[in-house]
Asks: 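Got a structure here, written out as C-alpha coordinates. Questions coming.
Letters A, B, ... mirror the listed sequences (proteins, then strands); counts begin at 1.
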Number of protein chains: 2
Amino acid sequence: MKSAIPETGVPITQPAAGNGSDRQEISLHGEVLLRLRDYVVEGNIPEGARVPERQLCEMLGISRTPLREALKVLAAEGLIELLPNRGARVRQLSQRDLAELFDVMAGLESLAGRLACEAITDEEIAAIERLHYEMYGHYLHRDMHGYFQTNQQIHESIVAAARNETLTTTYANFAGRIRRVRYSANFARKRQRWAEAMREHEAILDALRRRAGSELSDILFAHLRNKRSAAIEHLAEGPDSAQEAPPQGS
Amino acid sequence: MKSAIPETGVPITQPAAGNGSDRQEISLHGEVLLRLRDYVVEGNIPEGARVPERQLCEMLGISRTPLREALKVLAAEGLIELLPNRGARVRQLSQRDLAELFDVMAGLESLAGRLACEAITDEEIAAIERLHYEMYGHYLHRDMHGYFQTNQQIHESIVAAARNETLTTTYANFAGRIRRVRYSANFARKRQRWAEAMREHEAILDALRRRAGSELSDILFAHLRNKRSAAIEHLAEGPDSAQEAPPQGS
DNA sequence: AATACAAAAAATGAATGCAAAATAGCCAGC
DNA sequence: GCTGGCTATTTTGCATTCATTTTTTGTATT
(Lines give C-alpha, C1' and ligand atoms only; values in the text may rest on other atoms or scores of the structure.)
Protein backbone atom coordinates (compact mmCIF):
# COMPACT_ATOMS: atom_id res chain seq x y z
CA MET A 1 0.00 0.00 0.00
CA LYS A 2 1.31 3.33 -0.95
CA SER A 3 -0.72 5.72 1.11
CA ALA A 4 -0.69 5.49 4.87
CA ILE A 5 -3.89 7.41 5.33
CA PRO A 6 -7.24 6.37 3.97
CA GLU A 7 -9.03 8.34 1.31
CA THR A 8 -11.55 10.75 2.64
CA GLY A 9 -10.85 13.66 0.40
CA VAL A 10 -13.24 16.10 1.96
CA PRO A 11 -11.64 19.46 1.45
CA ILE A 12 -12.37 22.22 3.85
CA THR A 13 -15.50 24.07 2.94
CA GLN A 14 -15.93 27.79 3.21
CA PRO A 15 -14.60 28.52 6.67
CA ALA A 16 -17.36 30.27 8.56
CA ALA A 17 -20.18 31.91 6.64
CA GLY A 18 -23.09 30.97 8.78
CA ASN A 19 -22.59 27.31 9.42
CA GLY A 20 -24.71 26.07 12.26
CA SER A 21 -21.82 25.20 14.53
CA ASP A 22 -20.97 27.37 17.49
CA ARG A 23 -17.30 27.32 16.68
CA GLN A 24 -15.84 30.74 16.81
CA GLU A 25 -12.77 29.56 15.01
CA ILE A 26 -12.97 31.08 11.62
CA SER A 27 -9.42 31.09 10.38
CA LEU A 28 -8.25 28.46 8.01
CA HIS A 29 -5.55 27.48 10.41
CA GLY A 30 -8.08 26.93 13.18
CA GLU A 31 -10.27 24.88 10.93
CA VAL A 32 -7.35 22.76 9.82
CA LEU A 33 -6.29 22.26 13.40
CA LEU A 34 -9.70 21.01 14.45
CA ARG A 35 -10.03 18.78 11.45
CA LEU A 36 -6.59 17.29 11.77
CA ARG A 37 -6.92 16.73 15.48
CA ASP A 38 -10.17 14.88 15.05
CA TYR A 39 -8.68 12.98 12.20
CA VAL A 40 -5.78 11.80 14.29
CA VAL A 41 -7.75 11.18 17.46
CA GLU A 42 -10.25 9.07 15.60
CA GLY A 43 -7.44 6.81 14.58
CA ASN A 44 -7.50 7.35 10.84
CA ILE A 45 -3.76 7.21 10.68
CA PRO A 46 -1.93 4.11 11.84
CA GLU A 47 0.32 4.65 14.81
CA GLY A 48 3.83 5.57 13.93
CA ALA A 49 2.97 5.91 10.27
CA ARG A 50 4.70 8.55 8.33
CA VAL A 51 2.30 11.10 6.95
CA PRO A 52 3.55 13.10 4.01
CA GLU A 53 2.51 16.72 4.22
CA ARG A 54 1.57 16.83 0.60
CA GLN A 55 -1.00 14.14 1.05
CA LEU A 56 -2.63 15.89 3.97
CA CYS A 57 -2.61 19.11 2.01
CA GLU A 58 -4.43 17.49 -0.84
CA MET A 59 -6.86 15.87 1.53
CA LEU A 60 -7.71 19.16 3.14
CA GLY A 61 -7.35 21.21 0.02
CA ILE A 62 -4.89 23.69 1.47
CA SER A 63 -1.28 24.64 1.07
CA ARG A 64 1.51 23.48 3.30
CA THR A 65 1.82 26.60 5.42
CA PRO A 66 -1.34 26.31 7.52
CA LEU A 67 -0.94 22.57 7.65
CA ARG A 68 2.52 22.83 9.07
CA GLU A 69 1.31 25.30 11.67
CA ALA A 70 -1.35 22.82 12.71
CA LEU A 71 1.19 20.02 12.88
CA LYS A 72 3.37 22.00 15.24
CA VAL A 73 0.44 22.58 17.52
CA LEU A 74 -0.56 18.93 17.49
CA ALA A 75 3.01 18.04 18.29
CA ALA A 76 2.93 20.42 21.24
CA GLU A 77 -0.27 18.75 22.38
CA GLY A 78 1.47 15.42 22.30
CA LEU A 79 -0.68 13.81 19.65
CA ILE A 80 1.98 13.53 17.02
CA GLU A 81 5.75 13.52 16.87
CA LEU A 82 7.81 15.75 14.66
CA LEU A 83 11.15 14.25 13.78
CA PRO A 84 13.50 16.86 12.34
CA ASN A 85 13.65 16.58 8.58
CA ARG A 86 11.75 13.38 8.79
CA GLY A 87 8.17 14.45 8.98
CA ALA A 88 5.27 13.88 11.30
CA ARG A 89 4.29 10.60 12.81
CA VAL A 90 1.34 9.70 14.93
CA ARG A 91 2.78 9.37 18.35
CA GLN A 92 3.19 5.83 19.44
CA LEU A 93 2.34 5.52 23.09
CA SER A 94 4.48 3.12 25.00
CA GLN A 95 2.96 1.26 27.86
CA ARG A 96 4.74 3.61 30.17
CA ASP A 97 3.36 6.68 28.38
CA LEU A 98 -0.07 5.22 28.78
CA ALA A 99 0.37 4.57 32.45
CA GLU A 100 1.55 8.13 32.88
CA LEU A 101 -1.36 9.54 30.95
CA PHE A 102 -3.84 7.54 32.95
CA ASP A 103 -2.30 8.75 36.16
CA VAL A 104 -2.50 12.36 35.08
CA MET A 105 -6.09 11.84 34.05
CA ALA A 106 -6.69 10.31 37.46
CA GLY A 107 -5.17 13.37 39.08
CA LEU A 108 -7.29 15.70 37.02
CA GLU A 109 -10.50 13.87 37.77
CA SER A 110 -9.53 13.65 41.36
CA LEU A 111 -9.11 17.41 41.35
CA ALA A 112 -12.38 17.84 39.51
CA GLY A 113 -14.19 15.88 42.17
CA ARG A 114 -12.66 17.94 44.93
CA LEU A 115 -13.60 21.18 43.25
CA ALA A 116 -17.02 19.94 42.26
CA CYS A 117 -17.87 19.35 45.90
CA GLU A 118 -17.37 23.04 46.52
CA ALA A 119 -19.70 24.25 43.84
CA ILE A 120 -22.04 21.56 42.61
CA THR A 121 -25.77 22.22 42.80
CA ASP A 122 -28.46 19.79 43.84
CA GLU A 123 -29.74 19.79 40.30
CA GLU A 124 -26.39 18.78 38.92
CA ILE A 125 -26.16 15.98 41.45
CA ALA A 126 -29.63 14.86 40.47
CA ALA A 127 -28.56 14.80 36.84
CA ILE A 128 -25.55 12.69 37.68
CA GLU A 129 -27.77 10.39 39.71
CA ARG A 130 -29.97 9.91 36.68
CA LEU A 131 -26.93 9.07 34.60
CA HIS A 132 -25.82 6.68 37.29
CA TYR A 133 -29.06 4.74 37.22
CA GLU A 134 -29.04 4.76 33.47
CA MET A 135 -25.57 3.31 33.58
CA TYR A 136 -26.72 0.74 36.09
CA GLY A 137 -29.36 -0.28 33.57
CA HIS A 138 -26.72 -0.73 30.93
CA TYR A 139 -24.72 -2.78 33.37
CA LEU A 140 -27.64 -5.07 34.09
CA HIS A 141 -28.29 -5.51 30.40
CA ARG A 142 -24.63 -6.10 29.72
CA ASP A 143 -24.71 -3.24 27.26
CA MET A 144 -21.06 -2.35 27.07
CA HIS A 145 -21.44 0.47 24.60
CA GLY A 146 -24.20 2.20 26.49
CA TYR A 147 -22.36 1.68 29.74
CA PHE A 148 -19.21 3.16 28.33
CA GLN A 149 -20.94 6.23 27.00
CA THR A 150 -22.92 6.94 30.13
CA ASN A 151 -19.86 6.35 32.21
CA GLN A 152 -18.01 8.94 30.20
CA GLN A 153 -20.89 11.36 30.60
CA ILE A 154 -20.73 10.99 34.35
CA HIS A 155 -17.05 11.74 34.45
CA GLU A 156 -17.52 14.70 32.17
CA SER A 157 -20.33 15.99 34.35
CA ILE A 158 -18.08 15.90 37.36
CA VAL A 159 -15.40 17.79 35.51
CA ALA A 160 -17.96 20.33 34.34
CA ALA A 161 -19.23 20.75 37.88
CA ALA A 162 -15.76 21.81 38.96
CA ARG A 163 -16.45 25.08 37.16
CA ASN A 164 -12.91 25.46 35.96
CA GLU A 165 -12.51 26.12 32.28
CA THR A 166 -8.78 25.52 32.38
CA LEU A 167 -9.32 22.14 33.96
CA THR A 168 -11.99 21.26 31.44
CA THR A 169 -9.72 22.11 28.54
CA THR A 170 -6.78 20.25 29.97
CA TYR A 171 -8.92 17.25 30.73
CA ALA A 172 -10.25 17.21 27.19
CA ASN A 173 -6.74 17.39 25.85
CA PHE A 174 -5.56 14.37 27.79
CA ALA A 175 -8.76 12.49 27.08
CA GLY A 176 -8.05 12.99 23.38
CA ARG A 177 -4.58 11.59 23.71
CA ILE A 178 -5.71 8.28 25.11
CA ARG A 179 -9.05 8.08 23.43
CA ARG A 180 -8.07 5.47 20.97
CA VAL A 181 -6.68 3.23 23.65
CA ARG A 182 -9.53 3.94 25.97
CA TYR A 183 -12.01 2.46 23.61
CA SER A 184 -10.22 -0.81 23.59
CA ALA A 185 -9.63 -0.64 27.30
CA ASN A 186 -13.02 -1.85 28.28
CA PHE A 187 -13.44 -4.90 30.35
CA ALA A 188 -16.07 -6.67 28.36
CA ARG A 189 -14.96 -10.07 29.47
CA LYS A 190 -13.97 -9.18 32.98
CA ARG A 191 -17.23 -9.16 34.77
CA GLN A 192 -15.62 -8.92 38.11
CA ARG A 193 -13.92 -5.66 37.27
CA TRP A 194 -17.17 -4.39 35.86
CA ALA A 195 -19.02 -5.03 39.10
CA GLU A 196 -16.19 -3.42 40.98
CA ALA A 197 -16.44 -0.35 38.82
CA MET A 198 -20.12 -0.10 39.54
CA ARG A 199 -19.47 -0.24 43.27
CA GLU A 200 -16.86 2.46 42.90
CA HIS A 201 -19.36 4.60 41.08
CA GLU A 202 -21.80 4.17 43.94
CA ALA A 203 -19.13 5.42 46.28
CA ILE A 204 -18.43 8.36 44.00
CA LEU A 205 -22.05 9.36 43.97
CA ASP A 206 -22.28 8.96 47.72
CA ALA A 207 -19.28 11.17 48.37
CA LEU A 208 -20.59 13.71 45.91
CA ARG A 209 -23.93 13.86 47.67
CA ARG A 210 -22.19 14.54 50.93
CA ARG A 211 -19.88 17.03 49.25
CA ALA A 212 -16.98 15.17 50.78
CA GLY A 213 -14.26 16.64 48.61
CA SER A 214 -11.22 14.95 50.01
CA GLU A 215 -12.92 11.60 50.14
CA LEU A 216 -14.25 11.93 46.61
CA SER A 217 -10.79 12.84 45.47
CA ASP A 218 -9.45 9.59 46.89
CA ILE A 219 -12.22 7.50 45.43
CA LEU A 220 -11.87 9.00 41.99
CA PHE A 221 -8.15 8.50 41.98
CA ALA A 222 -8.49 4.89 43.03
CA HIS A 223 -11.23 4.36 40.47
CA LEU A 224 -9.11 5.71 37.64
CA ARG A 225 -6.15 3.76 38.87
CA ASN A 226 -8.13 0.59 38.57
CA LYS A 227 -9.22 1.59 35.12
CA ARG A 228 -5.60 2.11 34.29
CA SER A 229 -4.67 -1.35 35.44
CA ALA A 230 -7.47 -2.87 33.42
CA ALA A 231 -6.47 -0.96 30.32
CA ILE A 232 -2.82 -1.79 30.57
CA GLU A 233 -3.35 -5.44 31.31
CA HIS A 234 -5.71 -5.52 28.40
CA LEU A 235 -3.09 -4.07 26.11
CA ALA A 236 -0.37 -6.29 27.46
CA GLU A 237 -2.42 -9.35 26.61
CA GLY A 238 -2.95 -7.85 23.21
CA PRO A 239 -6.29 -6.48 22.14
CA ASP A 240 -8.14 -8.65 19.68
CA SER A 241 -8.18 -5.85 17.15
CA ALA A 242 -5.06 -6.53 15.15
CA GLN A 243 -4.88 -2.99 13.93
CA GLU A 244 -1.62 -2.39 15.67
CA ALA A 245 1.43 -1.66 13.59
CA PRO A 246 3.80 -4.60 13.83
CA PRO A 247 7.09 -3.85 15.54
CA GLN A 248 9.31 -2.75 12.75
CA GLY A 249 13.04 -3.13 12.91
CA SER A 250 14.88 -6.43 12.78
CA MET B 1 6.40 54.87 22.82
CA LYS B 2 6.32 53.22 19.45
CA SER B 3 7.62 49.77 20.17
CA ALA B 4 5.85 47.58 22.64
CA ILE B 5 8.77 45.30 23.20
CA PRO B 6 12.10 46.39 24.55
CA GLU B 7 15.22 46.26 22.48
CA THR B 8 17.24 43.17 22.98
CA GLY B 9 18.17 42.49 19.42
CA VAL B 10 19.96 39.22 20.01
CA PRO B 11 19.39 37.26 16.86
CA ILE B 12 19.44 33.54 16.98
CA THR B 13 22.95 32.24 16.71
CA GLN B 14 23.94 29.22 14.77
CA PRO B 15 21.42 26.66 15.89
CA ALA B 16 23.32 23.75 17.30
CA ALA B 17 26.96 23.28 16.37
CA GLY B 18 28.36 22.20 19.68
CA ASN B 19 26.92 24.63 22.12
CA GLY B 20 27.18 23.42 25.65
CA SER B 21 23.48 23.16 26.25
CA ASP B 22 21.82 19.81 26.48
CA ARG B 23 19.02 20.86 24.20
CA GLN B 24 18.41 18.38 21.49
CA GLU B 25 16.23 20.82 19.66
CA ILE B 26 18.15 21.85 16.66
CA SER B 27 15.60 23.11 14.23
CA LEU B 28 15.14 26.81 13.81
CA HIS B 29 11.53 26.47 14.73
CA GLY B 30 12.38 24.74 17.98
CA GLU B 31 14.94 27.35 18.83
CA VAL B 32 12.51 30.16 18.11
CA LEU B 33 9.88 28.47 20.21
CA LEU B 34 12.16 28.19 23.21
CA ARG B 35 13.40 31.72 22.84
CA LEU B 36 9.98 33.23 22.42
CA ARG B 37 8.49 31.28 25.28
CA ASP B 38 11.20 32.41 27.63
CA TYR B 39 10.85 35.91 26.33
CA VAL B 40 7.16 35.98 27.06
CA VAL B 41 7.34 34.13 30.37
CA GLU B 42 9.97 36.49 31.63
CA GLY B 43 7.57 39.30 31.09
CA ASN B 44 9.44 41.23 28.42
CA ILE B 45 6.21 42.08 26.69
CA PRO B 46 3.55 44.03 28.54
CA GLU B 47 0.33 42.13 29.07
CA GLY B 48 -2.20 42.60 26.34
CA ALA B 49 0.27 44.47 24.19
CA ARG B 50 0.06 43.94 20.51
CA VAL B 51 3.21 42.44 19.10
CA PRO B 52 3.76 42.94 15.39
CA GLU B 53 5.23 39.89 13.78
CA ARG B 54 7.69 41.91 11.80
CA GLN B 55 9.24 43.29 14.93
CA LEU B 56 9.71 39.88 16.49
CA CYS B 57 11.18 38.64 13.24
CA GLU B 58 13.76 41.37 13.27
CA MET B 59 14.50 40.74 16.90
CA LEU B 60 15.13 37.07 16.30
CA GLY B 61 16.61 37.52 12.87
CA ILE B 62 14.29 35.10 11.14
CA SER B 63 11.49 35.17 8.64
CA ARG B 64 7.86 35.14 9.48
CA THR B 65 7.18 31.49 8.77
CA PRO B 66 8.92 29.87 11.74
CA LEU B 67 7.85 32.74 13.93
CA ARG B 68 4.21 32.23 13.12
CA GLU B 69 4.55 28.53 13.81
CA ALA B 70 5.96 29.30 17.20
CA LEU B 71 3.18 31.76 17.89
CA LYS B 72 0.57 29.16 17.16
CA VAL B 73 2.20 26.79 19.60
CA LEU B 74 2.44 29.42 22.30
CA ALA B 75 -1.21 30.22 21.75
CA ALA B 76 -2.06 26.56 22.17
CA GLU B 77 -0.07 26.57 25.38
CA GLY B 78 -2.14 29.45 26.64
CA LEU B 79 0.66 31.97 26.91
CA ILE B 80 -0.54 34.28 24.20
CA GLU B 81 -3.75 35.00 22.38
CA LEU B 82 -4.16 35.00 18.64
CA LEU B 83 -6.96 37.25 17.50
CA PRO B 84 -7.90 36.52 13.90
CA ASN B 85 -6.40 39.07 11.59
CA ARG B 86 -5.40 41.12 14.57
CA GLY B 87 -2.19 39.59 15.66
CA ALA B 88 -0.79 38.12 18.82
CA ARG B 89 -1.20 39.52 22.27
CA VAL B 90 0.28 38.39 25.52
CA ARG B 91 -2.60 36.75 27.25
CA GLN B 92 -4.05 38.85 29.96
CA LEU B 93 -5.02 36.68 32.86
CA SER B 94 -8.19 37.69 34.57
CA GLN B 95 -8.48 37.08 38.27
CA ARG B 96 -10.68 34.15 37.46
CA ASP B 97 -8.12 32.68 35.05
CA LEU B 98 -5.57 32.94 37.76
CA ALA B 99 -7.74 31.25 40.31
CA GLU B 100 -8.34 28.46 37.83
CA LEU B 101 -4.68 28.08 37.06
CA PHE B 102 -3.77 27.93 40.71
CA ASP B 103 -6.37 25.28 41.29
CA VAL B 104 -5.07 23.16 38.46
CA MET B 105 -1.55 23.57 39.79
CA ALA B 106 -2.87 22.50 43.16
CA GLY B 107 -4.40 19.44 41.60
CA LEU B 108 -1.19 18.56 39.80
CA GLU B 109 0.94 18.93 42.90
CA SER B 110 -1.58 17.04 44.87
CA LEU B 111 -1.29 14.25 42.34
CA ALA B 112 2.47 14.50 42.40
CA GLY B 113 2.49 14.03 46.14
CA ARG B 114 0.27 11.01 45.91
CA LEU B 115 2.41 9.41 43.25
CA ALA B 116 5.63 10.38 44.97
CA CYS B 117 4.61 8.42 48.03
CA GLU B 118 4.52 5.31 45.91
CA ALA B 119 7.98 5.65 44.52
CA ILE B 120 10.13 8.05 46.47
CA THR B 121 13.41 6.79 47.87
CA ASP B 122 14.87 7.53 51.27
CA GLU B 123 17.60 9.49 49.59
CA GLU B 124 15.13 11.71 47.83
CA ILE B 125 13.30 12.34 51.05
CA ALA B 126 16.58 13.19 52.71
CA ALA B 127 17.29 15.69 49.95
CA ILE B 128 13.91 17.30 50.43
CA GLU B 129 14.54 17.42 54.15
CA ARG B 130 17.76 19.29 53.54
CA LEU B 131 15.92 21.74 51.33
CA HIS B 132 13.31 22.09 54.02
CA TYR B 133 15.83 23.05 56.65
CA GLU B 134 17.53 25.38 54.26
CA MET B 135 14.19 27.00 53.64
CA TYR B 136 13.60 27.23 57.36
CA GLY B 137 16.87 29.11 57.60
CA HIS B 138 15.71 31.57 54.99
CA TYR B 139 12.48 31.95 56.90
CA LEU B 140 14.31 32.75 60.11
CA HIS B 141 16.49 35.27 58.33
CA ARG B 142 13.49 36.76 56.61
CA ASP B 143 15.18 36.10 53.30
CA MET B 144 12.23 36.17 50.97
CA HIS B 145 14.17 35.48 47.82
CA GLY B 146 16.04 32.51 49.18
CA TYR B 147 12.87 31.21 50.76
CA PHE B 148 11.01 31.47 47.51
CA GLN B 149 13.66 29.67 45.54
CA THR B 150 14.10 26.85 47.98
CA ASN B 151 10.37 26.54 48.28
CA GLN B 152 10.10 26.12 44.56
CA GLN B 153 12.85 23.53 44.60
CA ILE B 154 10.95 21.51 47.16
CA HIS B 155 7.82 21.51 45.10
CA GLU B 156 9.76 20.58 42.02
CA SER B 157 11.45 17.76 43.87
CA ILE B 158 8.11 16.33 44.82
CA VAL B 159 6.93 16.52 41.24
CA ALA B 160 10.12 14.85 40.10
CA ALA B 161 9.70 12.11 42.67
CA ALA B 162 6.36 11.24 41.12
CA ARG B 163 8.36 9.73 38.25
CA ASN B 164 5.87 10.80 35.63
CA GLU B 165 7.31 12.65 32.67
CA THR B 166 3.92 13.69 31.43
CA LEU B 167 3.07 15.20 34.78
CA THR B 168 6.41 16.97 34.95
CA THR B 169 5.90 18.52 31.53
CA THR B 170 2.34 19.57 32.25
CA TYR B 171 3.36 21.01 35.58
CA ALA B 172 6.12 23.02 33.96
CA ASN B 173 3.70 24.33 31.39
CA PHE B 174 1.27 25.62 33.97
CA ALA B 175 4.05 26.96 36.13
CA GLY B 176 5.21 28.99 33.15
CA ARG B 177 1.81 30.47 32.64
CA ILE B 178 1.57 31.91 36.10
CA ARG B 179 5.22 32.53 36.68
CA ARG B 180 5.05 36.26 36.34
CA VAL B 181 2.23 36.52 38.81
CA ARG B 182 3.78 34.03 41.12
CA TYR B 183 6.79 36.17 41.69
CA SER B 184 4.67 39.01 42.88
CA ALA B 185 2.47 36.70 44.85
CA ASN B 186 4.79 36.46 47.77
CA PHE B 187 3.64 37.40 51.19
CA ALA B 188 6.51 39.56 52.25
CA ARG B 189 4.42 41.62 54.58
CA LYS B 190 2.15 38.90 55.78
CA ARG B 191 4.21 37.23 58.38
CA GLN B 192 1.33 35.25 59.62
CA ARG B 193 0.79 33.59 56.27
CA TRP B 194 4.49 32.92 56.06
CA ALA B 195 4.50 31.11 59.36
CA GLU B 196 1.47 29.20 58.28
CA ALA B 197 3.20 28.14 55.08
CA MET B 198 6.13 26.86 57.09
CA ARG B 199 3.82 24.77 59.24
CA GLU B 200 2.18 23.39 56.15
CA HIS B 201 5.57 22.43 54.80
CA GLU B 202 6.32 20.57 57.99
CA ALA B 203 3.13 18.62 57.50
CA ILE B 204 4.07 17.93 53.90
CA LEU B 205 7.41 16.54 54.92
CA ASP B 206 5.83 14.49 57.65
CA ALA B 207 3.30 12.90 55.33
CA LEU B 208 6.00 12.26 52.79
CA ARG B 209 8.14 10.48 55.35
CA ARG B 210 5.25 8.22 56.20
CA ARG B 211 4.43 7.78 52.53
CA ALA B 212 0.88 8.75 53.33
CA GLY B 213 -0.25 9.45 49.80
CA SER B 214 -3.82 10.39 50.32
CA GLU B 215 -2.96 12.57 53.27
CA LEU B 216 -0.16 14.28 51.43
CA SER B 217 -2.50 14.89 48.56
CA ASP B 218 -4.87 16.72 50.87
CA ILE B 219 -2.15 18.75 52.51
CA LEU B 220 -0.63 19.81 49.23
CA PHE B 221 -3.96 20.82 47.84
CA ALA B 222 -4.76 22.90 50.88
CA HIS B 223 -1.29 24.40 50.83
CA LEU B 224 -1.62 25.50 47.23
CA ARG B 225 -5.11 26.74 47.88
CA ASN B 226 -3.79 29.00 50.58
CA LYS B 227 -1.08 30.20 48.23
CA ARG B 228 -3.78 30.95 45.72
CA SER B 229 -5.71 33.03 48.20
CA ALA B 230 -2.60 34.95 49.15
CA ALA B 231 -1.74 35.61 45.53
CA ILE B 232 -5.18 36.72 44.54
CA GLU B 233 -5.67 38.97 47.51
CA HIS B 234 -2.28 40.41 46.81
CA LEU B 235 -3.24 41.19 43.24
CA ALA B 236 -6.60 42.56 44.23
CA GLU B 237 -4.93 45.03 46.55
CA GLY B 238 -2.57 45.92 43.76
CA PRO B 239 1.05 44.86 43.82
CA ASP B 240 3.51 47.59 44.73
CA SER B 241 5.68 46.79 41.76
CA ALA B 242 4.45 49.27 39.19
CA GLN B 243 5.70 47.11 36.37
CA GLU B 244 2.20 46.35 35.29
CA ALA B 245 0.94 47.83 32.08
CA PRO B 246 -1.39 50.68 32.86
CA PRO B 247 -4.93 50.22 31.64
CA GLN B 248 -4.74 51.62 28.19
CA GLY B 249 -7.74 53.13 26.49
CA SER B 250 -9.21 56.38 27.74
C1' DA C 1 23.46 -12.57 -5.78
C1' DA C 2 24.36 -9.29 -2.36
C1' DT C 3 26.39 -5.11 -0.90
C1' DA C 4 28.12 -0.50 -1.46
C1' DC C 5 28.11 3.66 -3.69
C1' DA C 6 26.05 7.38 -6.31
C1' DA C 7 22.69 10.01 -8.57
C1' DA C 8 17.86 11.19 -8.92
C1' DA C 9 13.58 12.05 -6.81
C1' DA C 10 10.93 13.53 -3.14
C1' DA C 11 10.13 15.53 1.22
C1' DT C 12 11.08 18.90 4.69
C1' DG C 13 12.48 23.68 6.52
C1' DA C 14 12.46 28.32 5.77
C1' DA C 15 11.95 32.73 2.88
C1' DT C 16 9.46 35.45 -0.15
C1' DG C 17 5.38 37.15 -2.55
C1' DC C 18 0.61 38.32 -2.98
C1' DA C 19 -4.28 39.17 -1.66
C1' DA C 20 -7.41 40.42 1.99
C1' DA C 21 -8.31 42.47 6.20
C1' DA C 22 -7.48 45.91 9.67
C1' DT C 23 -5.56 50.16 11.29
C1' DA C 24 -4.41 54.98 10.64
C1' DG C 25 -4.81 59.17 8.52
C1' DC C 26 -7.41 62.68 6.28
C1' DC C 27 -11.00 65.43 4.74
C1' DA C 28 -15.77 66.74 4.53
C1' DG C 29 -19.93 67.64 6.90
C1' DC C 30 -22.71 68.74 10.92
C1' DG D 1 -15.01 71.49 17.50
C1' DC D 2 -16.28 67.08 16.88
C1' DT D 3 -18.03 63.12 14.39
C1' DG D 4 -18.54 60.20 10.23
C1' DG D 5 -16.98 58.36 6.08
C1' DC D 6 -13.32 57.60 2.61
C1' DT D 7 -8.56 56.50 1.23
C1' DA D 8 -3.69 54.98 2.15
C1' DT D 9 -0.65 52.23 4.78
C1' DT D 10 0.32 48.56 7.56
C1' DT D 11 -0.37 43.88 8.99
C1' DT D 12 -2.04 39.50 8.76
C1' DG D 13 -3.14 34.93 6.27
C1' DC D 14 -1.93 31.92 2.97
C1' DA D 15 0.37 30.27 -1.35
C1' DT D 16 4.39 29.76 -3.75
C1' DT D 17 9.25 29.31 -4.27
C1' DC D 18 13.99 28.06 -3.00
C1' DA D 19 17.51 25.48 -0.49
C1' DT D 20 18.73 21.24 2.24
C1' DT D 21 18.11 16.95 3.77
C1' DT D 22 16.43 12.47 3.33
C1' DT D 23 14.89 8.59 0.81
C1' DT D 24 14.75 5.93 -3.12
C1' DT D 25 16.48 3.91 -7.20
C1' DG D 26 19.86 2.34 -10.24
C1' DT D 27 24.35 0.69 -11.17
C1' DA D 28 28.68 -1.24 -10.55
C1' DT D 29 31.69 -4.05 -7.94
C1' DT D 30 32.95 -7.89 -4.97
Asks: Between A:R37 and A:E77, does at least one N-O distance fall below 4.0 Å, as a salt bridge requires?
Replies: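 Yes, A:R37 and A:E77 are salt-bridged.
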Asks: Is the closest side-chain donor-acceptor distance between A:S94 and A:D97 under 3.5 Å?
Replies: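 Their side chains do contain a donor-acceptor pair, which is all the 3.5 Å distance test asks for.
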Asks: How many Å lie between CD1 on A:I80 and C1' on C:dT12, as a whole number?
Replies: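 Roughly 14 Å, once rounded to whole Å.
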Asks: For the side chain of A:H29, counting heavy atoms from C-beta on, which of C:dA15, D:dC14, C:dA11 is nearest?
Replies: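 Selected nucleotide (nearest to the side chain): D:dC14.
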Asks: Would you call B:N151 and B:K227 a side-chain contact if the rule is heavy atoms closer than 4.5 Å?
Replies: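 Yes, their side chains come closer than 4.5 Å.
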Asks: Using atom CD of B:E31 as one end and atom P of C:dG13 as the other, report the distance to the nearest whole Å.
Replies: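 Roughly 15 Å, once rounded to whole Å.
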Asks: In whole angstrom, give the distance that lies between atom CG of A:L67 and atom P of C:dA14.
Replies: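 So the CG-P distance, A:L67 to C:dA14, works out to 15 Å.
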Asks: A:E69 CD to C:dG13 P: how many Å, rounded?
Replies: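 Roughly 14 Å, once rounded to whole Å.
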Asks: Nucleotide by nucleotide, 5' to 3', does protein get under 4.0 Å of the base (B), only the sugar-phosphate (S), or neither (-) in nucleotides 16-23 of chain C, counting heavy atoms?
Replies: BB---SSS
Asks: 5'-most contact on DNA chain D: A:P66 or B:R54, nearest heavy atom basis?
Replies: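 Mapping each residue to its closest nucleotide by heavy atoms, the 5'-most match is B:R54.
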Asks: Calculate the interatomic distance between B:L71 atom CG and D:dT12 atom P; express it in whole Å.
Replies: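 B:L71 atom CG is separated from D:dT12 atom P by 9 Å.
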Asks: B:I62 CD1 to C:dA15 P: how many Å, rounded?
Replies: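 Rounded to whole Å, this separation is 7 Å.
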Asks: Going by an N to O cut-off under 4.0 Å, is there a salt bridge joining B:R225 and A:E118?
Replies: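 Looking at B:R225 and A:E118, the cut-off is met.
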Asks: Hey, is B:R64 close enough to B:E53 for a salt bridge, meaning N to O under 4.0 Å?
Replies: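 Salt bridge present between B:R64 and B:E53.
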Asks: So that I can tick it off, tell me whether B:E124 and B:R163 are bridged by a salt bridge, with the cut-off set at under 4.0 angstrom between side-chain N and carboxylate O.
Replies: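 Yes, this pair counts.
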Asks: How close or far is atom P of D:dA15 from atom CZ of A:R68, stated in whole angstroms?
Replies: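 A:R68 atom CZ is separated from D:dA15 atom P by 14 Å.
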Asks: Which whole-number value in Å describes the distance from A:L83 CG to C:dG13 C1'?
Replies: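 So the two atoms are 14 Å apart, to the nearest Å.
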